[in-house]
Every structure is written in structure tokens, then in C-alpha cells.
Amino acid sequence: IAQASGLNVSLISYYFGGKVGLYRKIIETFAHQLEAQISSVVESFEAKGLDQSLFEHEIRTIIEFFVNMRSENPHVGRILKREEVNALPHSREVYDQVFSRIGVSLAGLIEKGQRKGFISKKIHPPFAVWALVHMSVDYFTMNECKSNLNELCFNLPEQKRDLIEQIFLMFTKGVLK
């Protein structure tokens, strides 16, 4: 960061209060960008009236957004995953303040779909949101590990559309015929 900005490492460290402060700022900025994007999707649902066709369209939009954000911001994704795995308090604050609002908002859309009868009432809305997010972003974590499983899955970025389609199909249609 110092090299890219042309600033002294000590100045950056002082400004952010150390590495933890810098990571917190990166996570907060990313989280607020994510919240703004997801909020616009939710508002679109509200404005147009929710039906199955619109739900599927918007879910695809959300998946594309998550996949694109993760592929365009690989370092942020790694920081978020490390903070999540280590259960660090500053990341929990961002999760509680921003990510939980996003999850509640998306879970509300799933609940509306349940009331309208096109989403199964057996589905637990908050867990469905968690599954959607993790299907969309955790693929990148596995991909960065360079495991043997990668060879059986999607080559990114060349097959990004295929990854999005698979996540969409699994989330909206399931794996059974």
C-alpha cells in the first residue's frame, strides 16, 4: 500500500492505527459498497412487486454481484475470510453492523416468496441467505488453495458465467430433477 500510494509505511500505520485499523477500514469500505448494491436490488423488488420471475432475475443479479466483487477484490476477500475464520472482534463489528442488515433484508425477500407460495416454506430464510453468499464467494477461497478439486471445477475468469449459472441453478432449482 505504501509503495502504491507513494507514502511512508509509518505514516499509513499512524493514520490507520496499525494493521488492524487498516484491515478494519478495508472491510468497512467493502461492506458499505456491498450494502449499497444489495439495497438497490431489494428496493427493486419492493418497487416492482415480488413474483417468481423477478425473484429469479434478482437472485441471478445478486450472485453476479457477489462473484464479481470477490473476483475484482481478491485481497479484500482474503482479509474477510481470515477475519471470519479467526473471529476477530473488529470484523465481528462490521458483520454485526453491515452484513447482518444485508442478510436480514435478503431473508425478508425469501419470506415474501414463501408467503406468495413460490418458495418452499421448508426453507429457513436466514440460512438460505448464508448458503447463497457462501456458494458465491467461498469458491474463490477453494480456488486460491490450488487443490486437486479445482481441476474438476471452473477455470476463472474464463468460466465465470458457468460458475454463476451453477450457483443460480443450485439455489433456485436444487439438485434433484
Side-chain angles (χ1 to χ4, degrees), residues 1-5 19 22-45 52-88 90-92 94-95 98-103 105-107 109-110 113 119 123-177:
I1 292 172
Q3 185 179 20
S5 66
K19 185 168 43 171
L22 175 61
Y23 282 179
R24 180 180 174 82
K25 186 64 175 173
I26 290 169
I27 292 170
E28 284 176 355
T29 300
F30 182 80
H32 288 294
Q33 290 171 347
L34 180 66
E35 183 178 36
Q37 178 71 27
I38 298 300
S39 293
S40 72
V41 171
V42 171
E43 289 169 13
S44 171
F45 269 128
Q52 183 172 344
S53 175
L54 178 62
F55 180 81
E56 288 179 356
H57 178 315
E58 297 300 338
I59 287 298
R60 184 182 300 276
T61 300
I62 290 168
I63 293 166
E64 288 172 352
F65 176 73
F66 283 140
V67 168
N68 288 332
M69 283 287 279
R70 182 59 174 86
S71 62
E72 292 166 6
N73 300 284
H75 300 300
V76 175
R78 285 184 210 113
I79 291 170
L80 278 168
K81 183 52 73 178
R82 183 174 56 240
E83 302 298 298
E84 182 182 313
V85 168
N86 292 321
L88 297 175
H90 55 278
S91 65
R92 181 182 172 150
V94 174
Y95 273 81
V98 181
F99 292 146
S100 64
R101 282 196 307 257
I102 295 168
S105 180
L106 292 174
L109 294 175
I110 293 170
I119 295 178
I123 300 299
H124 185 267
F127 182 75
V129 171
W130 180 90
L132 177 65
V133 169
H134 286 276
M135 278 194 295
S136 301
V137 299
D138 282 354
Y139 180 81
F140 292 87
T141 303
M142 184 215 40
N143 200 40
E144 290 166 356
C145 289
K146 307 289 185 216
S147 76
N148 293 336
L149 188 57
N150 291 23
E151 295 173 20
L152 303 173
C153 293
F154 303 101
N155 266 333
L156 297 178
E158 298 85 10
Q159 293 181 305
K160 185 165 59 168
R161 301 285 341 140
D162 296 331
L163 173 64
I164 290 168
E165 183 64 17
Q166 282 297 300
I167 294 168
F168 173 77
L169 289 173
M170 291 178 78
F171 188 79
T172 59
K173 309 297 182 201
V175 296
L176 300 177
K177 283 191 195 182

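Residues take their numbers from the sequence shown, with the count starting at 1. No experiment lies behind these values; they were computed from the predicted model shown.
The backbone N or O of F154 sits less than 3.5 Å from a side-chain atom of Y139, completing a donor-acceptor pair. With hydrogens and angles disregarded, no donor-acceptor distance shorter than 3.5 Å links the side chain of E58 to the backbone of L54. Side-chain N or O atoms of S136 include one that pairs as donor or acceptor with a backbone N or O of L132 at under 3.5 Å.
Classified by interplanar angle (parallel below 30°, tilted 30° to 60°, perpendicular above 60°), the ring pair W130/F127 is parallel.
Counting heavy atoms of neighbouring residues, nucleotides and ligands inside a 6.0 Å radius, atom CD of Q3 does not exceed 12 of them.
Of the inter-residue distances, the one linking I63 atom CD1 with N68 atom CG reads 11.5 Å to the nearest 0.5 angstrom. Distance CE/M69 to CD/Q33: 5.0 Å, rounded to 0.5 Å. Interatomic distance, OG of S105 versus CD of E43, reported as 8.5 Å (0.5 Å rounding).
Taking all atoms of both residues into account, the shortest heavy-atom contact from K160 to S71 is NZ-OG, 3.7 Å. Nearest heavy atoms, C153 versus Q159: O-OE1, 4.0 Å. Shortest non-hydrogen contact noted between I110 and A128 is CD1-CB, 3.7 Å. Of all heavy-atom pairs spanning P126 and A107, the tightest one is N-CB, 3.9 Å.
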Quick one: side chains of residues 162-175, donor-acceptor pairs under 3.5 Å with protein atoms, not counting sequence neighbours, listed by atom name and distance.
unit_1 : atom_1 : unit_2 : atom_2 : d
E165   : OE1    : R60    : NH1    : 2.5
E165   : OE1    : R60    : NH2    : 3.3
T172   : OG1    : F168   : O      : 2.7
K173   : NZ     : E56    : OE2    : 2.8

Practice item. List the steps and the verdict of side chain to side chain contact (heavy atoms under 4.5 Å, CB included) for I62 and F66. Key: CA-CA 6 Å; I62 290 168; F66 283 140; 3.3 Å; yes
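Salt-bridge check for E144 with R70: passed, with a basic side-chain N closer than 4.0 Å to an acidic carboxylate O.
For the side chain to side chain contact (heavy atoms under 4.5 Å, CB included) criterion with F99, the lone passing option out of V133, I38, L34 is L34.
E28 meets the side-chain hydrogen bond (donor to acceptor under 3.5 Å, both in side chains) test with R24; sequence neighbours excluded.
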